[in-house]
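Taking it in order: structure first as structure tokens, then the write-up.
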Amino acid sequence: MRGFLASSIGVSCATALAVPLAPPAAEATSAPPAPPPPTTVATAPTTPTAQPATDVPGSTRSLPLAPLTADRAPGPAAQGLPRRDVREFSLVGVVWDDPGTELHGRVEVRTRATATGTWSGWQQLETHNADHAADPGTAEGASGRVRGATAPLWVGGSDGVEVRVRAESAPGTSRTAASPLPTGLRLELVDPGKDVTPVPVAPRRAEDTRATAPATTRAAEATAASRANAGPAPLGATEIPALSRSETVAGLTAGHRASPYVGARPEITTRRGWGADEKLREKGFVYTKKVKAAFVHHSATGNNYRCSQAPSVIRSIYRYHVRSTGWRDLGYNFLVDKCGQIYEGRAGGVSKPVLGAHTLGFNSDSMGIAVLGTYSDGEPSAAALKAIARLTAWKLGLYGMNPRGKTYLKSGGGNLYRKGKNVRLNVISGHRDGFATNCPGKKLYGKLGTSRSKAARYQGR
């Protein structure tokens, strides 16, 4: 791994923080929603074995948007936030009340860099319009906490912000008739916290039967997330080591019927490795039956990040997915940075069929892989493409799937396929194959054929 984890891009656990400045009067901090009881969930062990972790910093602030005058954002309907000073943040997005309401319009922000005091130009946020979400009718999708949202944008350390949202006509309607903007538009500012060395996890010896003091919720959930990877890595590991193909095949369990066509297990940074604050997500894990397909995404967070910042970007996306959009956990099962490092996404175990919230209508029996960045115009790196191939060769191979093949998935409902329809898809598909969206961007989507071929070769096909 790229020399991580002790200091350069380690976990976001801070032993000491300066007292933050009081926010402006109009600025509000989002209160964490009370999660509903999970269903079809494998619950965490009741006896934690982790030492309490150092407090994980980070915050999410929500600022309501208001009507703008025409000179700020010309058009029949515009909302925004005038330029203002705020506490430091690194990622920004816009959310609204009803996830079923589409935002037809242009969302732009500009920010002031903390390091230089200079303002950026206007940057456009990609409107998701429900394409990344839990399937309709699931406990997560029907929780009552889910909101509509744009893609988040990584801007780096910033302490000033301005935003404007201008309504536009919906596709297929008159160009002169702009659609109304969704109600409850709010700007979300996410601070991922700082990177420091993680607190070690100390597994309890088998012969030690003494009662232990109750651990914090965070420590208990961190232990549960780590224990879900008990096969691939020891408790508290910050990374899951790579194995050769022969070692991977030799280690297959009875539940995985893929031998001899399975790729070597790649190195994966665990949730502990990138600094997941496990108290943010809902308790327990939700699983689907198998993994028949992989949907490739781009995070649409922009390409202005260094690979050493990837854990901070992921912590920001995690916080945005849970606190801002109301999901039970990070939506993607895995994430890949432009240097080719692979990261564990939604908790539950990297080798298990964890149910995500990445491709509306096709989350069951699939996994979602997000490449950090925006690839509508920019080319994905060779390292990221290789990581996709290596990850899919291994994970799909565990479930007997050929990366060059086709499979059928039953739609849970979406804007391309009605609920209940059996849809024939590539085993490695782009997000746009299951939902009408730009994701994963034209440039990344055009490279998926290469990833399929490489993944099949890595499996020995």
Side-chain angles (χ1 to χ4, degrees), residues 26-31 33 60-70 72-82 84 91-110 122-138 140-153 161-190 299-301 317 319-327 331 357-361 413-416 431 435-439:
E27 186 176 349
T29 301
S30 307
T60 304
R61 282 155 289 151
S62 185
L63 307 176
L65 303 190
L68 290 177
T69 56
R72 287 192 178 274
Q79 293 187 33
L81 191 73
R84 64 181 296 172
L91 180 137
V92 61
V94 170
V95 302
W96 54 94
D97 292 340
D98 184 3
T101 300
E102 294 191 1
L103 193 163
H104 297 290
R106 189 176 183 88
V107 182
E108 297 174 306
V109 300
R110 58 182 173 184
W122 287 104
Q123 301 181 79
Q124 187 172 356
L125 275 62
E126 185 175 295
T127 55
H128 272 174
N129 288 330
D131 53 353
H132 299 71
D135 288 348
T138 62
E140 183 173 8
S143 68
R145 297 183 291 110
V146 181
R147 306 177 184 98
T150 67
L153 178 69
V161 68
E162 183 176 7
V163 62
R164 62 191 187 192
V165 181
R166 183 177 60 205
E168 295 176 350
S169 57
T173 63
S174 169
R175 292 185 178 183
T176 61
S179 301
L181 293 173
T183 60
L185 285 168
R186 299 183 296 286
L187 178 69
E188 301 288 295
L189 303 176
V190 179
S299 64
T301 47
I317 296 172
R319 185 173 280 274
Y320 186 73
H321 282 183
V322 176
R323 289 291 175 91
S324 300
T325 67
W327 301 348
H358 48 83
T359 306
L360 182 69
N415 64 0
L416 278 181
H431 185 182
F435 195 96
T437 175
N438 174 60
C439 185

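Remember, it's a predicted structure, so these values are computed and weren't measured experimentally. Hydrogens, waters and symmetry mates are skipped; everything else that's a heavy atom, side chains included, is used.
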- Item | Check: Trp96 side chain, Thr101 main-chain N or O, donor-acceptor pair, under 3.5 Å | yes
- Task: Would you please name every residue forming a side chain to side chain contact (heavy atoms under 4.5 Å, CB included) with Val161, sequence neighbours left out?
- Result: Leu81, Arg84, Val86, Phe89, Thr111, Leu187, Leu189
- Contacts of type side chain to side chain contact (heavy atoms under 4.5 Å, CB included), residue Ala300, not counting sequence neighbours: Glu126, Ala151, His298, Thr374
- Message: Please enumerate all residues that pass salt bridge (charged side-chain N to carboxylate O under 4.0 Å, His left out) together with Asp98, with sequence neighbours excluded.
- Response: none
- Message: For Asp97 and Arg186: C-alpha separation, side-chain torsions, deciding distance, then whether side-chain contact (heavy atoms from CB on, under 4.5 Å) applies.
- Response: CA-CA 9 Å; Asp97 292 340; Arg186 299 183 296 286; 2.9 Å; yes
- Message: Could you measure the distance from the CD atom of Glu108 to the CZ atom of Arg166? Nearest 0.5 Å is fine.
- Response: 6.5 Å
- Who are the side chain to side chain donor-acceptor pair (under 3.5 Å) partners of Ser299, not counting sequence neighbours? Thr301
- Would you confirm whether Arg147, through its side chain, and Ser324, through its main-chain N or O, come within 3.5 Å as a donor-acceptor pair? yes
- Message: Strictly distance-based, threshold 3.5 Å: is any side-chain N or O of Asp135 a donor or acceptor partner for the main-chain N or O of Leu360?
- Response: no
- Minimum-distance pair of heavy atoms, taken over all atoms of Gly414 and Phe435: CA-CE1, 4.3 Å
- Query: Which atom names give the shortest non-hydrogen contact between Trp327 and Ala357, and what distance separates them?
  - Reply: CZ3-O, 3.6 Å
- Task: Taking all non-hydrogen atoms of both residues into account, name the closest pair between Arg164 and Leu68 and its distance.
- Result: CB-CD1, 3.8 Å
- Item | All side chain to side chain donor-acceptor pair (under 3.5 Å) counterparts of Gln123, not counting sequence neighbours | none
- Item | Main-chain N/O of Gly331 paired to His321 side chain as donor or acceptor, under 3.5 Å | yes
- Task: Taking side chain to side chain donor-acceptor pair (under 3.5 Å) as the test, write out the residues that go with Arg110, two or more places apart.
- Result: Glu162
- Message: Please give me the minimum heavy-atom distance between Ala149 and Val95, naming the atom from each residue.
- Response: CB-CG1, 3.9 Å
- Where Pro152 and Leu91 come nearest, the two heavy atoms and their spacing: CB-CD2, 3.4 Å
- Query: Is the closest side-chain heavy-atom distance between Leu185 and Leu103 below 4.5 Å?
  - Reply: yes
